Amino acid sequence: MKPTTHTTKTERQCVYCGVTGNAGFVVQDGRDYCCFGCATLDRITHDGLVIDEEVPVHYKQYDLPEIFDSAVDAQTEEAYKVRFHTPAIHCSSCVSLLETLPELDPRVRFCRVNFEDRTCEISANKELKLSELAFTLDRLGYPPQFNLEGKADDAQRKTDRELLKRLAVTGFCFGNSMLFSMPHYLGLEVAGDTFFTSIFTTLNLGLSLIVLLYGARPYYTSAIKALMIRKSHINIPIALGASAIWVWSVYEVLSGTGFGYFDSLAGLIFFLLAGKWFQSRVYRKVSFERSLHDLLPLTVRKMGDSGEEWVRIDALQECDVVRILNNEVIPVSGTLNRGTGYVDYSFVTGESVPKLVHQNEMIFIGGRQMRGSIDLVIREKPDMQTIWSAWKTPKNSTADAHWTHQVSKYFTPVVLVIAFLSAFFWIMYVPGKALFVFSSVLIVACPCALALSAPFTYGNIMRVLSKNGLFLKSSDMTSNLQKVDHIVFDKTGTLTKQNAAEPEVLLDWLSDYERKAVARVASMSSHVVGQWLAESLGEKCDQEVDDFEEFSGKGLYAEVNDLTVRLGSSTWLQPEFPIMGTHICVEVDGIVKAVYRFNNVYRDDLADILNELNGHHDLSVSSGDNPGELSRLKSLFNGFRHMRFNNRPEDKKALMNSIQSNGQHVLMIGDGLNDQSALSSSDVGIAVTANMNGFYPNADGVLMADSFEKLPAIMELAHYSQRVLWYSLSFSLLYNLIGISFAVTGQLNPLIAAVLMPLSSITVVGLVTALVSWKSKKINLL
Amino acid sequence: MKVIAILIAASMLLAGIFLALFFFAVKKGQFDDLESPGFRILNESDGIKKRKLNN
């Protein structure tokens, strides 16, 4: 039973947690609870994980043996173990609720939440079907996502652990190496003591070998791989520089001229690894990729000779009959064979009013059946590839062309040329100093500061954005976002609030008596607009309605007492003036007496948000709906560059392309699946959603609906990233220029170079982080 | 002064043991999730059933 909100004024006490009060109290089974959470918890503590409604089809498919096997991690005769991705986990209460599942239902054996990954590992007895478990989690507010491809998570976990180990070992070597070098730095006269000198240098040499062979191995492997395919790579100077320091140090030690720079080498690798680790943590928190399985059921009910059976979509044949129940997503196109087709295509076309489908007409994949169950006849053998590719087109990332990559690409060869030239020069004149100069140049000119500035800037910005409800898929998208100078909005669900309509009275000559009768008739309508009308007319008469008939696509006819009432569209009832938008006409005894229009409800402060954005961006609207809202939208904000209505997905895509061909970078903000192709053909595509359960394969990011008002600040921060990058780039270039000029002239000791290098990286990272935090605070994002 | 050599050996050994322990912890997955253990400690050990007042 669903809890209902209570409104009486007496003081009550929550049966579950004991809180007293009245605000927000709900009643369930006649008892009071302070919130929905307590009511839910009490229900499951009492009844266990009882499911009192049918498990939706998209969970049911996981009970099929072959899908079950690929969904679970491990299974025995009587139990199975499964790992769900549950992005809705967001606080300690979530963890505590999920982890008490075994107490609530003995069939659940174990549940452990990984908060950082937003995953939940559950083992359960096989009496609890996987579909029921998944549905229960869904009902608790944690809709689970299955990972059928499975093992990608494990690979990620393995590389994370590997990196952590390398970091620890390198840190260990760095610390010890520094300790052994300390006497040397302090000028203590161990140098005279050959016993200690040899112990310290030997130990240092050993530690440095561990650092190079274990800690720095990823740098060497990627540098070697890049060299093999003759490509420049940022790791080449790092590998070469580290080798040069090592060779130089070994030379110093063997020739007895010095102590080597093993500690700097270890420090260098340590700081590089630490940066990488930090980065991977930032990325882990914001990944949210979903698969198509979550939206489309993989299996359908096929009507065979012996009744219903479940089959996989790809096993369907032409002329098979498929049953779709109320509220299910249509997984496969076909013609209507039985039942009333009333299909909500808002995912696909953006039109929010469901469409009536007649017998033998096509119903297309991606819609949602809204009225009772229907049977479809398959006309063409479905091909998974077409189903998937309908919404999944690969996105061209412009990240490769990003200028920091370009600079880094030239940086490496330029530094190598300078290093070799100066070494050559010094060999000609002062051979003893050649290696010294060579390694100084390579080390001091390491492009680390350069390489770090972009990922750290974008990583930081991504972190700030995800705190504010915008989740980007990759940090490359921050760099795309920063270039945006044209924003295209979808209307429904983006500029308007989702699921709300505001009635507008265009004409109302109804008498009180007529009004009640019409309200009565409208409330019987199965069309959503009829229901809206009934709601806005208010009180209904309790007279019996005679001769009620609905005409699909037109409206309805009914007789109440002595009145004949017709409700319907203007094309059917022909009022004396044309009407745009979603509307309904009321005709009583042959005269149109009332016309109601239902307007979208725009987001609060929409005008302010758009005006603020308009300063730096061109704005456009592209909507799948009809142009009925044109004038209202214009009165709200009159600066739109393009206003397109009745746009199909192809039209939206074409609009993206035409804006891009004008040399602009376009950000598409939309919702639902009808924007998918536009989202993927834009430079940055962001899907707006009220919860994280939506399905957005082509979006580059997801914006929480209540964060929409932060859009101007978000764009300002994104544009600011450009300036941060310039600052850090000029800092590291300046640093490199000064460093190289000292190194080339032989005035820079490689030791100082090796200390300077990680120092410069840290300075850049610190500078970038500080700038981003400062700016975010200034525009109230932090 | 030569005692320092022993101290160095001892300190290296100690640090090495800690490093090995760290490897062990990483392998056991203790570093996979740094946040939820912090939440878990707040949970009452006897779960939410005890919190019910009546019934």
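This structure is a prediction, so every number in the text was calculated from the model and none was measured. Below, chain A is the first sequence line, B the second, and so on; all start at residue 1.
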Report summary line: Honestly, the part of A:Leu98 sitting under 4.5 Å from a heavy atom of chain B is neither

Query - Side-chain touch A:Leu212/A:Leu265, heavy atoms, less than 4.5 angstrom - result: yes

Query raised in the report: Distance from A:Thr170 atom OG1 to A:Leu163 atom CG, nearest 0.5 Å?
Result: 9.0 Å

Query - A:Lys81 atom NZ, over 12 foreign heavy atoms within 6.0 Å - result: no

Report task. Tell me, for A:Ile199 versus chain B, whether the close heavy atoms (under 4.5 Å) come from the side chain, the backbone, both or neither. Result -> side chain

Query raised in the report: Looking only at heavy atoms, which two atoms of A:Asn204 and A:Ser181 are closest? And how far apart?
Result: ND2-OG, 3.4 Å

Requested in this report: Enumerate by number any residue of residues 171-179 of chain A whose heavy atoms lie under 4.5 Å from heavy atoms of chain B; in the absence of such residues, state 'none'.
Outcome: A:Phe172, A:Asn176

Query raised in the report: Testing A:Pro102, A:Cys111, A:Pro144 for side-chain contact (heavy atoms from CB on, under 4.5 Å) with A:Ile122, which one passes?
Result: A:Cys111

Report task. Kindly indicate whether a cation-pi arrangement holds for A:Arg166 with A:Tyr214, taking the cut-offs as under 6.0 Å to the six-membered ring centre and within 45° of the axis. Result -> yes

Report task. Please tell me if the side chains of A:Leu207 and A:Phe180 come closer than 4.5 Å, counting only heavy atoms from C-beta onward. Result -> yes

